[in-house]
Every structure is written in structure tokens, then in C-alpha cells.
Amino acid sequence: MDSTISEEVVHDFSPFLLLYKDGHVERLIGNDIDPPGLDQNTQVQSKDIIYLQEENLSSRLYLPRNAVNSDKKLPLLVFYHGGAFCIETAFSPVFHKNLNNLVAEANIIAVSVEYRRAPEHPLPIGYEDSWTALKWVASHVNGNGPEEWLNSYADFGKVFLSGESAGANIAHHMGIRNGKEKLFGINLVGIALVHPYFWGKEPIGNEAKESEKRSLAEALWHLACPTTSGCDDPWINPLVDPDLGKLGCNKILVMVAEKDLLRDRGWHYYYKLKEIGWKGLVEIMESKEEDHVFHLQNPTTENALAVLKRMASFINENPA
């Protein structure tokens, strides 16, 4: 093959990735990995375990160190990382640090799911991997699953889903699927959607003023899901999904940031759930003067700590 052809960039998705003519992908960010282990700052332990042997896909499990000497079962959070379905991993430093902090703050056990990424593995593969991981988690409900931490410490009567950006999109769809298929033994109490990556064909709110950012958001969606029907596909626009009311949980927390391009989509999702009379409790929190996933980059600011504490209280409080 002519090396000049193989090195030709056919799609530039900066600052995220480059797609070359020969099909290979160069990810510009999100390539760093943190190993599991004991986090000295939070005293949270973590380890990686394979949930899908055929594809060598792992989840990273998190456990507060003090749980080892306690008979108390802990609420269980299943987390899906963000990155436009294309970049970052469950082992990225920003998500690893975020989960260590959240597990310590909320005193929970968490499973951070690694799924295959687009464009090498286009959607809906990532959704299917995410569901497979959730089924793997559910295989521990009787205390005889393959992972000791889940058997010993997880309270399957208090299960939560969450994710950031594209991961929030995935968490939403896992909630829909659970509402339709009902995983045995899992009581899905709530879903926390942090700056969810939802979209739509027609601009809403401030989107019309951000044509360049809007074009990138749409291009990334078509890259991640080349078989999509477009930006009003229910995978990316839950407002047109006839199954929206089937969310299989008791409560939803939507978190948005004032300067985020995706802000208005989060608000519309919140209002839509109220409009259709969804049976659960839906809440929303907006971080003023902040942009997309700001709390991952600067986790010690006042607004970032407010996000952390709200997530923890959402998990530990009882629904009204």
C-alpha cells in the first residue's frame, strides 16, 4: 500500500481523533491509563476483572477499604465512561479519580464498565457490551457470581446507573432496556445522567449560535453510529423515543452545566419526563458558569465538589 495514502487524513475530529484513509484511528486524547490498586487519598481499593471473555472486556471495581471489616452491604453503582463513544476508557485517569472520590464520598461499591469504542466497533456494539456488563453484574444477585466483591459487599436492592456525556447516554439506554427486560434480582433505584450526550435534528436553545460545535457533535454521532437514521434517531434523541416512559428505575437525576453545548438537551429531557407523566421522580441540577464535564478536569473546585456531593446524596437518600 502506498504509505502516502495510508497516512492521509480523511476526517479530522480534532481535538478528539483523526481518521485515516486506510481506516486506522489516531486518538489525540484519552489514551492514558491509571492502574488499579489502593488509592491513598480516599482509601478506596480497585481491581479489574473480565466480564466478557470472548472480547477480553473488563470492568474496574471499586470498594471502600473499610467495607472489608463490615457486614453491611453497600449500594451498587454501575458507571459508563464518556468520550463521544470514541475516546477515553474505564481506566482513564479522570474517570479513575472521579470514581475513587465518589465511592469514598457515598460509601458505595462501583463497577466502571469498559465497552468497545467506535469507529472500529460502531454503535450499537457499545450499547450491547454495556448491557452484557450489567447482566454480568446481575449474575451475582444470589451471592454465587464470579466476583467476590460483588458477592460479598453489593446490595442488589440498591442499584444505580450513571455516566458522563456519552456514558450518560448509555446509562439512559440501559435504564430503558431494564424497564423492558427486567434483570432478575436487580432493583434499579436510580440513574444519574451527568452532562448527557443527547442531540436532535433541529437546534434548540443556544445551539443555533454554536454552528461549529454543533457540526462536530453531529459528525461525531455519525462516526460512532454510521447506520443511524440521523440526529433524531432515538439512540441520540430520547425525546422522540416511544419507549422513553419505560425507564426502569424509581428516580432520575439530570446534571447540566450552564456553558455546555449539551445543557439545553438535558433540560428538555427533564421536562419531557415530567410531560409524559413518567412514574418516577426526576430532578435536575445546573452548575453555573461551568462547561462540559468541568468537574473531571478540576475536581477540587467548589462547583465540582457540589456535583460530587449531589451524586452521593442521590444514591443515599430515599425517594420521596
Side-chain angles (χ1 to χ4, degrees), residues 15-16 29-30 42 77 79-84 88 92-95 97-106 108 160-172 190-200 202-218 220 236-239 251-275 278 280-317 319-320:
F16 303 111
I29 58 174
T42 60
L77 174 70
F79 179 85
Y80 300 99
H81 72 83
E88 303 286 1
S92 296
V94 289
F95 294 114
K97 185 171 186 176
N98 181 54
L99 265 295
N100 277 320
N101 290 339
L102 180 57
V103 166
E105 179 71 26
I108 58 175
F160 294 80
L161 304 180
S162 185
E164 320 264 356
S165 194
N169 175 300
I170 292 173
H172 159 80
I191 304 175
L193 306 178
V194 185
H195 307 173
Y197 180 21
F198 296 144
W199 206 241
E202 297 300 325
I204 60 174
N206 290 319
E207 292 172 3
K209 303 174 185 176
E210 300 281 0
S211 59
E212 187 173 327
K213 289 183 179 180
R214 183 174 174 83
S215 294
L216 179 59
E218 293 179 1
L220 285 169
I236 193 68
N237 187 356
L239 304 188
K251 59 180 184 175
I252 297 278
L253 172 63
V254 185
M255 306 185 96
V256 298
E258 184 180 19
K259 295 182 177 180
D260 185 4
L261 179 68
L262 302 177
R263 169 194 179 270
D264 295 310
R265 296 287 165 180
W267 274 103
H268 275 62
Y269 178 89
Y270 166 79
Y271 287 127
K272 185 69 173 180
L273 284 177
K274 287 183 167 293
E275 176 188 317
W278 179 65
L281 174 68
V282 57
E283 308 169 68
I284 192 164
M285 172 185 177
E286 179 168 316
S287 300
K288 300 298 183 182
E289 297 296 321
E290 301 289 2
D291 211 330
H292 193 61
V293 296
F294 71 95
H295 58 293
L296 297 180
Q297 305 302 327
N298 299 292
T300 60
T301 66
E302 182 179 349
N303 282 347
L305 292 173
V307 167
L308 179 70
K309 291 183 180 299
R310 186 68 192 90
M311 283 282 293
S313 65
F314 176 73
I315 292 170
N316 287 304
E317 69 194 7

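Heavy-atom basis, side chains included; hydrogens, waters and symmetry copies ignored. Predicted model, so just to flag it, every value in this text is computed and none were measured.
Among all heavy-atom pairs drawn from Ser92 and Gly30, the shortest one is OG-O, 4.0 Å. Across Ala166 and Ala84, no two heavy atoms sit closer than the pair CB-N, 3.6 Å. Taking every heavy atom of both residues into account, Tyr197 and Ile236 meet most closely at O-CD1, 3.5 Å. Summarising the geometry of Ala208 relative to Pro203, their closest heavy-atom pair is N-CB, 3.9 Å, with the distance given to 0.1 Å. Summarising the geometry of Val94 relative to Leu296, their closest heavy-atom pair is CG1-O, 3.9 Å, with the distance given to 0.1 Å. The shortest heavy-atom contact between Ala168 and Leu193 is O-CD2, 3.2 Å.
Under the 30°/60° scheme for interplanar angles, the aromatic rings of Phe198 and His172 are found to stand perpendicular. Between Phe160 and Phe314, the two ring planes are perpendicular [angle over 60°; tilted spans 30° to 60°].
Atoms CD1 and CG, from Ile284 and Leu253 in turn, are 8.5 Å apart once rounded to the nearest 0.5 Å. The NE2 atom of His268 sits 13.5 Å away from atom CG of Leu262, with the distance rounded to the nearest 0.5 Å. Distance check, rounded to the nearest 0.5 Å: CG of Asp291 to CG of Asp260 gives 5.5 Å. How far CG of Leu102 is from NZ of Lys97: 14.0 Å, rounded to the nearest 0.5 Å. Rounding to the nearest 0.5 Å gives a distance of 14.0 Å between OH of Tyr80 and CD of Glu164. Between the OG atom in Ser287 and the CD atom in Glu302 there is a gap of 11.0 Å [rounded to 0.5 Å].
In this structure, a donor-acceptor pair under 3.5 Å is absent between the side chains of Arg214 and Ser211. No hydrogens or angles considered: a donor-acceptor pair under 3.5 Å links the side chains of Ser165 and His292.
Note on Glu289 versus Lys259: salt bridge recorded, some NZ/NE/NH1/NH2 to OD/OE distance being below 4.0 Å. Classification of Glu207 and Arg265 as a salt-bridged pair holds, one side-chain N sitting under 4.0 Å from a carboxylate O. Using a cutoff of 4.0 Å between basic side-chain nitrogens and carboxylate oxygens, Arg310 and Glu105 are not scored as salt-bridged. Between Arg263 and Glu286 there is a salt bridge, with a side-chain nitrogen of the basic residue lying less than 4.0 Å from a carboxylate oxygen of the acidic one.
For the pair Lys251/Ile191, no side-chain contact is recorded, criterion being any heavy-atom separation below 4.5 Å from C-beta on. For the pair Trp199/Asn237, no side-chain contact is recorded, criterion being any heavy-atom separation below 4.5 Å from C-beta on. Counting heavy atoms from C-beta on, the side chains of Met311 and Val194 come closer than 4.5 Å. For the pair Asn101 and Thr42, the minimum side-chain heavy-atom distance is below 4.5 Å.
Checked options Glu290, Lys288, His295; the residue passing with Asn303 is Glu290 (criterion: side-chain hydrogen bond (donor to acceptor under 3.5 Å, both in side chains)).
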Take Leu216 and Phe16 through the test side-chain contact (heavy atoms from CB on, under 4.5 Å) and record every step on the way to the result.
CA-CA 10 Å; Leu216 179 59; Phe16 303 111; 3.6 Å; yes
Yes or no on side-chain contact (heavy atoms from CB on, under 4.5 Å) for Glu283 and Leu281, after CA distance, side-chain angles and deciding distance?
CA-CA 7 Å; Glu283 308 169 68; Leu281 174 68; 3.8 Å; yes
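The main-chain N or O of Ala106 is found under 3.5 Å from a side-chain atom of Asn316 such that the two form a donor-acceptor pair.
Qualifying side chain to side chain contact (heavy atoms under 4.5 Å, CB included) partners for Leu273, counting only residues two or more places apart in sequence or in other chains: Leu244, Leu247, Ile252, Tyr269, Ile276, Trp278, Val282.
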